[in-house]
Q: 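I'd like to ask you about the structure that follows.
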Amino acid sequence: MRVLFVCLGNICRSPAAEAVFRAMAPDVAADSAGTGNWHVGEPPYAPMQRAAEARGYDLAPLRVRQFTGADFASFDLIIAMDADNVANIERLRPAGDETPVRLFTDYAPESGVSEVPDPYYTRDFDGTLTLIEACVRGLGAALNGAR
Ligand code: 4NP
């Protein structure tokens with residue numbers, strides 16, 4: 001199983017999701033990417049890194065990369081942070097490819113939200129991590145059930 005987490009910038013939500021997921025499922029291959037290219041090569045956003053560090057997640061080694069159509073072949077499951085991400089991902093899907101693309105919040109229905117709000121704009125980095133942890137727990141349960 002190979003899981004790819006995708007957001008817009010790859011500096012806040014998807015690198016945090018990758019790190020939280022790696023901590024919970026160290027045996028599953030995981031990566032993250034952004035649909036946009038503004039921050040390619042940069043480390044995650046410093047305020048996001050600090051909020052994650054406070055919960056024991058190290059985002060410092062991660063570097064931004066842009067999502068590409070080749071990712072459909074490289075991953076078994078693509079997880080998007082919001083509906084805009086899904087639309088941008090689907091635009092790059094190769095003909096005939098059937099890799100599932102899911103909203104992260106689908107794994108945390110108890111959260112009552114249908115996307116992971118972008119903390120680059122909300123500035124609620126800690127609340128974002130709380131939601132991401134809930135989504136990762138649900139994803140882990142789903143992957144275990146599918147094993
Ligand atoms: P992310 O947040 O998608 O959670 O990484 C963003 C960070 C930066 C930008 C957009 C979203 N930006 O436009 O620079």
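Every number for a ligand or one of its atoms is a count from 1 in the order of the listing.
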Q: At a 4.0 Å cut-off, with the gap strictly under it, does some heavy atom of Y121 reach an atom of ligand 1?
A: yes
Q: Cut-off 3.5 Å, no hydrogens considered: what does the side-chain donor-acceptor table look like for residues 44-51, sequence neighbours left out?
A:
from: Y45; atom 1: OH; to: R123; atom 2: NH1; distance (Å): 3.1
from: Y45; atom 1: OH; to: R123; atom 2: NH2; distance (Å): 3.0
from: Q49; atom 1: NE2; to: P44; atom 2: O; distance (Å): 2.9

Q: As an exercise, identify every atom of ligand 1 less than 4.0 angstrom from a heavy atom of C12.
A: 1 (P), 2 (O), 4 (O), 5 (O)
Q: Report the distance from atom CG of D31 to atom OG of S14, rounding to the nearest 0.5 Å.
A: 9.0 Å
Q: Measuring from atom 7 (C) of ligand 1, which candidate in I11, N85, T128 has the nearest non-hydrogen atom?
A: I11
Q: Is it the side chain, the backbone, both or neither of H39 that has a heavy atom closer than 4.0 Å to ligand 1?
A: side chain
Q: Quick one: salt bridge (Lys or Arg N to Asp or Glu O under 4.0 Å) pairs with a partner in residues 100-112, sequence neighbours left out?
A: none
Q: If you measure every N/O of W38 against every N/O of ligand 1, is any gap under 3.5 Å?
A: no
Q: So how far is it from N144 CG to L139 CG, rounded to the nearest 0.5 Å?
A: 9.5 Å
Q: I'd like to know whether ligand 1 has M48 as a neighbour, heavy-atom separation below 4.0 Å.
A: no
Q: At a 4.0 Å threshold, what atoms of ligand 1 neighbour a non-hydrogen atom of N10?
A: 5 (O)
Q: Using distance alone, with no hydrogens and no angle criterion, decide if D82 and N85 have a side-chain donor and acceptor under 3.5 Å apart.
A: yes
Q: So which of D82, D84, D118, L8 gets nearest to atom 6 (C) of ligand 1, if we judge by its closest heavy atom?
A: D118
Q: Could you check whether any side-chain N or O of R93 sits under 3.5 Å from a backbone N or O of F72, counting only pairs where one atom can act as donor and the other as acceptor?
A: no
